[in-house]
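Sequence lines set the chain letters: A, B, ... in the order given, protein chains first and strands last, and positions in each chain run from 1. The figures here come from the full heavy-atom set of this structure, side chains too, leaving out hydrogens, waters and symmetry mates.
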Amino acid sequence: MITVSNLSKYFILHNQNSAVIPVMDQANFSVSKGECVALVGQSGAGKSTLMRMIYGNYVAQSGDIWIGDTNVVGATARDIIDLRRKSLGYVSQFLRVVPRVPTRDVVAEPLLALGEEQAKARSNAEELLSLLNIPERLWDLSPTTFSGGEQQRVNIARGFVYDYPALLLDEPTASLDVKNRSIVLGLVERAKARGTAIIGIFHDEAARNQVCDRIIDVTQFTPKVA
Amino acid sequence: MSLQPLLDVRGITKMYGRRIGCADINFDLWPGEVMGIVGESGSGKSTLLNCLAGYVDVDDGQVFFDTRNEGMKDTLRMSEPERRMLSRTDWAFVHQHARDGLRMSVSAGGNVGERLMAVGARHYGNIRDEAIDWLERVEIHHSRIDDRPTAFSGGMQQRLQIARNLVTGPRLVFMDEPTGGLDVSVQARLLDLLRSLVREMGLSAIIVTHDLAVVRLLADRLMVMKDGYVVESGLTDQVLDDPQHSYTQLLVSSVLQV
């Protein structure tokens, strides 16, 4: 489902003496349907950079990233928008939303964008919110005022409200208590069973061992400094 | 996905004497897409918007629009009545200053109803009902329908302008700093409103702003302008998070973090 080949990236900081910072060199791996792969490596090794490149958020200098039959490298903005809408979900660590929009609608949005009718999208959103223990009295409020753990669960609900064929998870259990953590891991397992290809960053080792089939150490893709 | 863009802009160039307004601008816009244009004051973003909307004569280039009856047609070379009809029906323009887009001496309901009448609505009761419906969609209480916009706050005027523009169900909206000069709390309401209107009505929009937070939340794609040229364009979050051009890097790194 996801195939990364010969992927390389560097940053050029034009306003800081045009410093060139190589961050990824010849990354190669693939993830099949129903498989969950963990990216590991110490801080700064390039885990998040790799995830962002796969999502089309960072530009790759060379190589290919195939998600289904779309190559993210060199794809038009329109192709990536379409890919994100239909095929590729991303649960980030940060919640970025239009202020004032109720939590229920924030979670329903991926379905609405696909043309799902409002009532159905909202009821699916509510189902996930209650599964993730977000109290019903908060559903009409904007998540911008929520606690860190609540915001993270809203993000997770958004990522799981639609069955994306491919899913990227950036520390989905980072600020959760034991109970919610196991609910999230249950969602990951259900997605795998449906055939979703998942790439995740899990600092929580027990969580990683529970849901991941394989680990990929990104240090092998870190450019060697001469 | 539709097979044809709604708007296809080719080689738009506008000179003010020997000074460049905007130069060789090319892009397309697809149905349901929101394009943001950012850049500092004087970068040519408002000039470009005015060229596209036909408010300013261009020196070179074409603006093809997917018209309902005749398909792709260069709007800069349409007859005047044809273009005027387009700007009353399928196009809308939201000005930075609401008073530029409103008739200040006409009631709120009249401002909304006027655009309906311009496309042939005649039944007073229907027009009034439609006006009330739109005032409520932009969160202006129906009891204010007979008030003039002069009695409204800046944020209300802006929402009234949006209602007036969208009542005829346009397919393309040009917006020049739609949230500029408004309180942040009012900005957020307006952003929410614009987002849901874009989704519910399948609108396409071109939004000029210097506010990067606004484009991040509103625009699918982004063009960065400097000295009349587009220096970088792409997916909004990609341009903001991994800018490639030195000017974009400067622009993004200059934003104060809240």
Output the option from A:N57, A:L13, A:I12 having the highest count of non-hydrogen pairs under 4.5 Å with chain B.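 Counting heavy-atom pairs under 4.5 Å, the top option is A:N57.
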Does B:R144 make a cation-pi contact with B:F152 (under 6.0 Å, within 45 degrees of the axis)?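 No, cation not above the ring by the 6.0 Å, 45° rule.
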Distance under 6.0 Å and angle within 45° of the ring axis: does B:K226 meet both against B:Y229?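 No, a cation-pi geometry is absent between B:K226 and B:Y229.
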Give a yes or no on whether a salt bridge exists between [X] and [Y], defined as a side-chain N under 4.0 angstrom from a carboxylate O.
X: A:D82; Y: A:R78; answer: no
X: B:E70; Y: B:K73; answer: yes
X: A:D170; Y: A:R52; answer: no

Within residues 88-116 of chain A, which residues come under 4.5 Å of chain B, heavy atom to heavy atom?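 Only A:R96, A:V97, A:V98, A:P99, A:R100, A:V101, A:E109, A:L112, A:A113 of residues 88-116 of chain A have a heavy atom under 4.5 Å from chain B.
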Side chains of A:L7 and A:Q26: does their closest heavy-atom pair fall under 4.5 Å?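 No; the side chains remain at least 4.5 Å from each other.
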Quick check for you: among B:R221, B:Q238, B:E33, which has the greatest number of heavy-atom pairs under 4.5 Å with chain A?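 Of B:R221, B:Q238, B:E33, B:Q238 has the most heavy-atom pairs under 4.5 Å with chain A.
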Which atoms of A:Q61 are under 4.5 Å from chain B, going by heavy atoms: the side chain, the backbone, both sets, or neither?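 Side chain only.
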Please tell me whether A:Q152 and A:S175 have a donor and an acceptor in their side chains that are separated by less than 3.5 angstrom.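 A:Q152 vs A:S175: donor-acceptor pair found between side chains.
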Select one option (side chain, backbone, both, neither) describing which atoms of B:Q244 are under 4.5 Å from chain A's heavy atoms.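 Both backbone and side chain.
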Reference residue B:H210; test side-chain hydrogen bond (donor to acceptor under 3.5 Å, both in side chains); the match among B:K45, B:E40, B:E177: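 Exactly one option meets the side-chain hydrogen bond (donor to acceptor under 3.5 Å, both in side chains) with B:H210, and it is B:E177.
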